[in-house]
Structures are given as C-alpha cells and as structure tokens.
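Numbering of residues begins at 1 and proceeds along the displayed sequence.
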Amino acid sequence: MISIILPTYNEESNLLKLYECLSHVTEKMIGHDFEFIFVDDCSRDRTPYILQDIAKTDDRVKTIRFARNCGSHAAVAAGLRFCRGDVAIMLAADLQDPPEIIPRLLEEWEKGYKVVWGVRDKREGENFFTLASSRTFYFLMNRLTNVSQPPTGADIFLIDRTVIDAFNNSPEKNTSVYMLIAWLGYTQTYITYVKEARHAGTSKWTTSKRLKLFFDSLISFSYVPLRFMSLMGAISAFLGLLYGLVVFVNALRGNPVAGWASLMIVVLLIGGFQMIMMGMLGEYLWRTYDETRGRPRYVIEKNTLVDSTSNCRQKRLNED
Ligand code: UDP
Ligand code: MG
C-alpha cells in the first residue's frame, strides 16, 4: 500500500481540485493500493466538512484532525505515525507539489532507494523575499549543520517503511521533519520538479513560523552557535587583556587613558554580545525544557485511521 500524506490548513479552495488530481494520477497506477491521509491542522474554514464529504465517497481517504494548529511538520509527523503503507509520500495540499510526481518517486523507490526527495528545480509565483530567504535558509543549514540538503530545497519526499519506523522512533518535537529524515541516512536520492504557484489561497507560513523552523533546524542539528559563543568569549577576553596592557603601560608612562565615551562603547558592545549569547542559550534551554515536559507534539481531535471516538483520542494522547 502507498500512503499519501497531505498536511492541510485552511485549504478549502484547493481540496476538490487536489482530490481530482490525486484520483486522476492514481487511477492509472494499476496494481497499487492507496490511502490519502489528509492531516487537518485545525483549519478554521470549511476544510473539515469538505474532507468529510470526500471521505464518504472514497474509502481511500482518511482524515486526522488536530485540536489545535500545530504546524505542518507536526501534521506530517502525525501522518507518518498512523500511515499503513509500505511507503509514504508527502505532498502539500495547495497543489504546489503536483501529484503527477507520484509515479516518478515510486520509480526510484522500486530501484531500491529508501528515501526519494522531490527537489525544487524552479518555483513559480514566489516573490523575491520568499526566494531569497529560502536560499539563505538552505545555505546556512548546509554550512552550519552536519545534514546536507539540496540548495534549492526539497518539499516533497517519499520514504520506505523502514525509514517511517525509524522516524517514528525519534520522539524529538522541536525539529524539522525534513532534516530528521535526511539525518536518518539510508540510501537517498532525488528527482527534480517545478514547484507550481499556489492553486488558490495564500501561504500559511508566517515569518514567525519560518523563524521557529530556522532555530529548530539549527539547534537540533548543530552545536555551532555554542561554539560561536565560546569563540566570542575568548576573543573579547583576549582583546580586553590587550587593552588592559595598553592602559597599564600608559599609566606607568604618566599619561593615563581618559575617555568615558570609549569605555561606554566597550561596555555596550560587550553587554550586547552577552545578551545575544544569553538569548542563544535560552533557545537551547527552552527546547530542553519543552522536550522534558513531555507534552504531545500534536493533539488529535479525530482520526478516521483508528477510530473516531473520544476514547481513542485520549488513548493516543496518552501514548504520545
Ligand atoms: N500547513 C499546515 N499547517 C500550518 C501551515 C501550513 O498544515 O500551520 C500546510 C498547508 O496547508 C500546505 C502545506 O502545509 O498544505 C505547506 O504550507 P504553505 O503552502 O502555506 O507553505 P509554502 O508553500 O508557502 O512554503
Ligand atoms: Mg505552499
């Protein structure tokens, strides 16, 4: 069986067209069973009703609804936890990732690859700011972490059951699903595709969500910020020592250094560095605290893959 996982948040105007495309692509793929898992990230529009209607007419369609908006990475993680396929494919629900890529991904899997990435070759309909920030993100991640990702970014992936199980055994919450899969290893390959403009609606990735992902990815896979702090500390201590010597020698020579302004600059500069470093330590500390607190990564309100009763929800919550 092939599981298609679709994180969905306020996508009412895309769902029917998406379902049509998925049905069209998969009906040609004779000999394969499918399940389409729509993970509704607590949409506030008509998304859950549309999904319910589609699910009534097609039992391949399954839905998981979150009780609160947890972000698309949590939605993908939930899809991977409950999917039943021998292989899972993740696609966005806004038709930016064309379902036509499914047979191409499977071709690579049939060659024996356990992870197949859909790498963006071109992106349609994105503004300069989005493209520049995305490029900077992947550039920094490739430089600062030990996980390498394609510089233009990969939004689609296929993973084999062995990788799904390995992923599900990684309970980390504040992380990037993509980087975790890249980090897991196994035999990985990629194919390229053109990322279309959104069929309808607007991007749900706010600047604060992007920043959160940036710090999650960095902190989860790199100790460079901590190294940087130690380095900055060593450099400022060294410079302070040199400056101290200059002051001392000048004082011995009978012309002590005067200057309130220069003192203020040094104090403010070092104070600023210290605040930034404390902020960075705070990012690590908060994540450690959040992980130890043991709250679930997502809260499920309804899951048609298991059961739709509230008992089931409680059971899942306890498990997670
Ligand atoms: N999404 C989600 N939860 C969120 C934000 C987005 O499930 O909080 C879904 C969204 O519906 C879409 C996918 O994640 O299917 C990618 O999001 P979006 O298209 O907004 O991001 P972009 O393509 O702009 O990076
Ligand atoms: Mg999108």
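For Glu35 (side chain) and Cys83 (main-chain N/O), no donor-acceptor pair under 3.5 Å exists by modelled atom type. Distance alone, capped at 3.5 Å, is enough to place a donor-acceptor pair between the Thr187 side chain and the Lys114 backbone. Listed for the Glu110 side chain is no donor-acceptor partner under 3.5 Å among the backbone atoms of Leu105. Formation of a donor-acceptor pair under 3.5 Å by the Ser43 side chain with backbone atoms of Asp45 is not found in this model. Arg161 contributes a side-chain N or O that, together with a main-chain N or O of Gly85, makes up a donor-acceptor pair within less than 3.5 Å. Arg104 places a side-chain N or O within donor-acceptor distance of the main-chain N or O of Thr192, the cut-off being under 3.5 Å. Checking side-chain atoms of Ser170 against main-chain N and O of Glu172 turns up no donor-acceptor pair under 3.5 Å. Using modelled atom types, no side-chain atom of Ser176 and backbone atom of Ser217 make a donor-acceptor pair closer than 3.5 Å. Remark: side-chain polar atoms of Glu291 are paired, donor with acceptor, to backbone N or O of Lys173 under 3.5 angstrom. Looking at Asn168, its side chain does come within 3.5 Å of a backbone N or O of Leu80 through a donor-acceptor pair.
In the model, Asp41 has a side-chain atom that pairs as donor or acceptor with a side-chain atom of Asn69 under 3.5 Å. Residues Glu12 and Thr47 have side chains that never bring a donor and an acceptor to within less than 3.5 angstrom of each other.
A salt bridge is defined here as a Lys NZ or Arg NE, NH1 or NH2 lying under 4.0 Å from an Asp or Glu carboxylate O, and Glu108 with Lys111 meets this definition. The pair Glu301-Arg65 meets the salt-bridge criterion, with a side-chain N (NZ, NE, NH1 or NH2) lying under 4.0 Å from an Asp/Glu carboxylate O. The existence of a salt bridge linking Asp290 and Arg287 is excluded, since no basic side-chain nitrogen approaches an acidic carboxylate oxygen closer than 4.0 Å.
Partner Cys21 forms a side-chain contact (heavy atoms from CB on, under 4.5 Å) with one of Asn14, Leu16, Leu95 and no other, that one being Leu95.
With rounding to the nearest 0.5 angstrom, the CG atom of Leu213 is 4.5 Å from the CZ atom of Phe137. With rounding to the nearest 0.5 Å, the separation of CG in Leu22 from CD1 in Ile102 is 5.5 Å. Here the straight-line distance linking atom CE of Met179 with atom CG of Leu218 works out to 8.0 Å at 0.5 Å rounding. Here the straight-line distance linking atom CD1 of Ile191 with atom OH of Tyr113 works out to 12.0 Å at 0.5 Å rounding. Here the straight-line distance linking atom OG1 of Thr304 with atom NZ of Lys62 works out to 5.5 Å at 0.5 Å rounding. Distance check: Gln52 CD to Asp40 CG gives 10.5 Å after rounding to the nearest 0.5 Å.
A heavy-atom distance below 4.5 Å is found between the side chains of Ile64 and Phe82. Annotation: side chain of Leu51 is in contact with side chain of Leu15 (closest heavy-atom distance under 4.5 Å). Looking only at side-chain heavy atoms (C-beta outward), Val39 and Tyr298 stay at 4.5 Å or farther from each other. Looking at Leu106 and Val87, their side chains come closer than 4.5 Å, going by heavy atoms from C-beta outward. Side-chain contact between Ser23 and Arg60: present, with at least one pair of heavy atoms (C-beta onward) separated by less than 4.5 Å. Residues Leu140 and Asn142 have side chains not in contact (no heavy-atom distance under 4.5 Å, counting atoms from C-beta outward).
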Apply salt bridge (Lys or Arg N to Asp or Glu O under 4.0 Å) to Glu20 and Lys17, showing your working. CA-CA 5 Å; Glu20 208 178 279; Lys17 172 102 172 101; 5.1 Å; no
Run the side chain to side chain donor-acceptor pair (under 3.5 Å) test on Asp97 and Tyr193 for me, step by step, so that the C-alpha distance in whole Å, both residues' side-chain angles and the decisive distance to 0.1 Å come before the verdict. CA-CA 8 Å; Asp97 304 337; Tyr193 76 103; 3.1 Å; yes
Kindly indicate, with the supporting measurements, whether the criterion side chain to side chain contact (heavy atoms under 4.5 Å, CB included) is fulfilled by Ile50 and Phe38. CA-CA 11 Å; Ile50 299 174; Phe38 288 87; over 6 Å; no
The test is side chain to side chain contact (heavy atoms under 4.5 Å, CB included); show your working for Ile300 and Phe66 and say whether it passes. CA-CA 4 Å; Ile300 294 176; Phe66 286 173; 4.2 Å; yes
Working for side chain to side chain contact (heavy atoms under 4.5 Å, CB included), residues Leu281 and Met229: CA-CA 9 Å; Leu281 282 179; Met229 281 187 245; 4.0 Å; yes
Might you work through the side chain to side chain contact (heavy atoms under 4.5 Å, CB included) test for Leu305 and Arg84, ending with a clear yes or no? CA-CA 9 Å; Leu305 275 147; Arg84 297 164 301 177; 3.7 Å; yes
With side chain to side chain donor-acceptor pair (under 3.5 Å) as the test, would you mind laying out the steps for Ser220 and Thr175 before giving the verdict? CA-CA 6 Å; Ser220 198; Thr175 190; 3.0 Å; yes
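The cluster map of Ile, Leu, Val, Met, Phe, Trp and Tyr, joined by side-chain heavy atoms under 4.5 Å apart, puts Tyr186 and Trp183 in the same cluster. Residue Phe167 is not grouped with residue Leu158 when hydrophobic side chains (ILVMFWY) are merged at heavy-atom distances under 4.5 angstrom, including chains of intermediate members. Val267 and Tyr243 fall into different hydrophobic clusters, where Ile, Leu, Val, Met, Phe, Trp and Tyr side chains are chained together by heavy-atom contacts under 4.5 Å. Hydrophobic clustering of Ile, Leu, Val, Met, Phe, Trp and Tyr side chains at less than 4.5 Å, counting indirect connections, unites Phe228 with Ile276.
Ring pair His32/Phe34 is perpendicular by interplanar angle, where above 60° counts as perpendicular and below 30° as parallel.
The ring pair (Phe, Tyr, Trp, His ring centres under 6.0 Å) search around Tyr178 returns His73, Phe157, not counting sequence neighbours.
In this structure, Arg210 forms no cation-pi arrangement with Phe214, as its terminal cationic atom is not both closer than 6.0 Å to the ring centre and no more than 45° off the ring axis.
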